[in-house]
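Scroll down for the structure; my scribbles are underneath it.
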Amino acid sequence: MIRGYRAQLDPGNLGLNFSAIVFVTLREGDRQAVTTFEEALVAIPQVIQAQRLFGDPDYLLNVITRDLPAFQRLYDAQLSALPSVSPLLSS
């Protein structure tokens, strides 16, 4: 049966010309820390995909922004301020 519908948007046509992969390691790995982190992550629309990994790092995030300066602002103001985040690495 039908599992759903979706639209594939062209990021470039939306002015989102920069993409990055961000690796997140949490300081704590307990259920509450994971839940709190994931709830905060949902509030950041530039994170278009988040995959929980089991090892180091804990998460792989796909992030899109307008350009590199916009990513740097997002990284400094929101991503690094997520609860329980220890180191962040991006590429």
Side-chain angles (χ1 to χ4, degrees):
M1 296 300 165
I2 298 171
R3 294 178 68 170
Y5 294 94
R6 68 182 186 153
Q8 286 188 284
L9 305 175
D10 183 330
N13 286 334
L14 295 170
L16 302 170
N17 298 305
F18 184 86
S19 65
I21 296 172
V22 179
F23 301 96
V24 179
T25 301
L26 300 180
R27 284 189 300 272
E28 301 91 21
D30 61 85
R31 183 176 295 177
Q32 183 59 46
V34 168
T35 299
T36 302
F37 170 79
E38 289 179 353
E39 287 172 353
L41 192 61
V42 171
I44 303 173
Q46 296 91 334
V47 176
I48 60 169
Q49 184 180 32
Q51 296 177 346
R52 184 171 181 203
L53 308 174
F54 296 94
D56 189 21
D58 296 307
Y59 287 86
L60 181 148
L61 310 179
N62 289 314
V63 179
I64 57 172
T65 62
R66 182 175 62 252
D67 51 25
L68 178 58
F71 174 73
Q72 290 173 323
R73 288 189 298 275
L74 177 74
Y75 188 96
D76 292 340
Q78 290 182 275
L79 296 176
S80 63
L82 286 164
S84 297
V85 167
S86 186
L88 289 176
L89 299 171
S90 64
S91 59

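Looking at Val24 and Asp58, their side chains never come closer than 4.5 Å, going by heavy atoms from C-beta outward. Residues Ile48 and Val63 are not in side-chain contact: their nearest non-hydrogen atoms beyond the backbone lie 4.5 Å or more apart. Between Gln78 and Arg73, every side-chain heavy-atom pair lies at or beyond the 4.5 Å cut-off. Using a 4.5 Å heavy-atom threshold, the side chains of Phe23 and Pro87 count as separate. Looking only at side-chain heavy atoms (C-beta outward), Gln51 and Gln49 come within less than 4.5 Å of each other. Contact annotation: the side chain of Thr25 never approaches that of Val85 to less than 4.5 Å [non-hydrogen atoms, C-beta and beyond]. Counting heavy atoms from C-beta on, the side chains of Phe71 and Arg66 never come closer than 4.5 Å. Considering only heavy atoms from C-beta on, Val47 stays 4.5 Å or farther from Asn62 through its side chain.
A donor-acceptor contact closer than 3.5 angstrom is absent between the side chains of Glu39 and Thr35.
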**Message:** Run Leu82 and Ile44 through side chain to side chain contact (heavy atoms under 4.5 Å, CB included) and show every step you take.
**Reply:** CA-CA 10 Å; Leu82 286 164; Ile44 303 173; 3.9 Å; yes
**Prompt:** Between Val34 and Arg52, is a side chain to side chain contact (heavy atoms under 4.5 Å, CB included) present by the stated rule, with each step listed?
**Reply:** CA-CA 10 Å; Val34 168; Arg52 184 171 181 203; 3.7 Å; yes
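Distance check: Ile64 CD1 to Ser19 OG gives 8.0 Å after rounding to the nearest 0.5 Å. Taken to the nearest 0.5 Å, the CD atom of Glu28 stands 4.0 Å off from the OG atom of Ser84. To the nearest 0.5 angstrom, Leu9 atom CG is 9.5 Å from Leu16 atom CG. Remark: Thr65 OG1 to Phe18 CZ distance equals 6.0 Å, nearest 0.5 Å.
Within the 3.5 Å criterion, the main-chain N or O of Leu26 finds no donor-acceptor partner in the side chain of Tyr59. Not a single donor-acceptor pair under 3.5 Å links the side chain of Ser90 to the backbone N or O of Ile21.
In the hydrophobic clustering of this structure, Leu89 groups with Leu53; members are Ile, Leu, Val, Met, Phe, Trp, Tyr whose side-chain heavy atoms approach within less than 4.5 Å, directly or through other members. In the hydrophobic clustering of ILVMFWY residues, with side-chain heavy atoms under 4.5 Å counting as a link, Leu41 and Leu74 come out together.
Checked against side chain to side chain donor-acceptor pair (under 3.5 Å), Asn17 has no partners two or more places apart in sequence or in another chain.
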